[in-house]
Amino acid sequence: MRDRGFEPKYYFRESSATAKTYDYYHPEKDPSERTAVNSILIQREDSTLQEISSVRGMERLRAVTGMRERRRYFYVPAECRTTVKSVLGRHGT
């Protein structure tokens with residue numbers, strides 16, 4: 001950006017947004033640690049408890065059991081977009 005006459009301090013901005021405004025549901029990974037306090041448990045016909053996201057037919061819950069999607073936005077002058085995209089792409093962003 002400097003090579004094109006733009007000072008990044010003034011012409012480079014970053015912001016981010018997430019797809020959900022709340023924390024996602026994440027049950028305990030170890031079944032022995034799952035309780036009514038830290039997981040949503042469903043009582044099955046045989047009286048055993050099963051964590052809700054693993055119950056067959058509850059596939060729609062993946063929307064709240066997965067990681068939140070996070071998007072990053074970069075604002076730069078039009079003259080610098082191609083170069084900035086190239087640099088950010090090399091850094092896994």
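In this view, Glu7 and Arg2 satisfy the side chain to side chain donor-acceptor pair (under 3.5 Å) rule, not counting sequence neighbours. The side chain to side chain contact (heavy atoms under 4.5 Å, CB included) test applied to Ser15 returns Tyr73, Tyr75, not counting sequence neighbours. In terms of the side chain to side chain contact (heavy atoms under 4.5 Å, CB included) criterion, Asp3 has no residue partners (sequence neighbours excluded). Partners of Tyr11 according to the ring-ring contact (aromatic ring centres under 6.0 Å, His included) rule, which considers only residues two or more places apart in sequence or in another chain, are Phe6. Under the side chain to side chain donor-acceptor pair (under 3.5 Å) criterion, Glu79 pairs with no residue at all, not counting sequence neighbours. Residues that satisfy the side chain to side chain contact (heavy atoms under 4.5 Å, CB included) test with Glu45, not counting sequence neighbours, are absent from this structure. Partners of Thr82 by side chain to side chain contact (heavy atoms under 4.5 Å, CB included), not counting sequence neighbours: none found. For Arg13, the salt bridge (charged side-chain N to carboxylate O under 4.0 Å, His left out) criterion is met by no residue, not counting sequence neighbours.
Here the straight-line distance linking atom CG of Leu41 with atom CD of Gln50 works out to 9.5 Å at 0.5 Å rounding.
Annotation for Met1 and Val76: closest pair SD-CG1, 4.1 Å, computed over non-hydrogen atoms.
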>> Apply side-chain contact (heavy atoms from CB on, under 4.5 Å) to residues Arg4 and Thr83 and explain how you reach the verdict.
In response: CA-CA 11 Å; Arg4 294 187 180 248; Thr83 304; 4.3 Å; yes

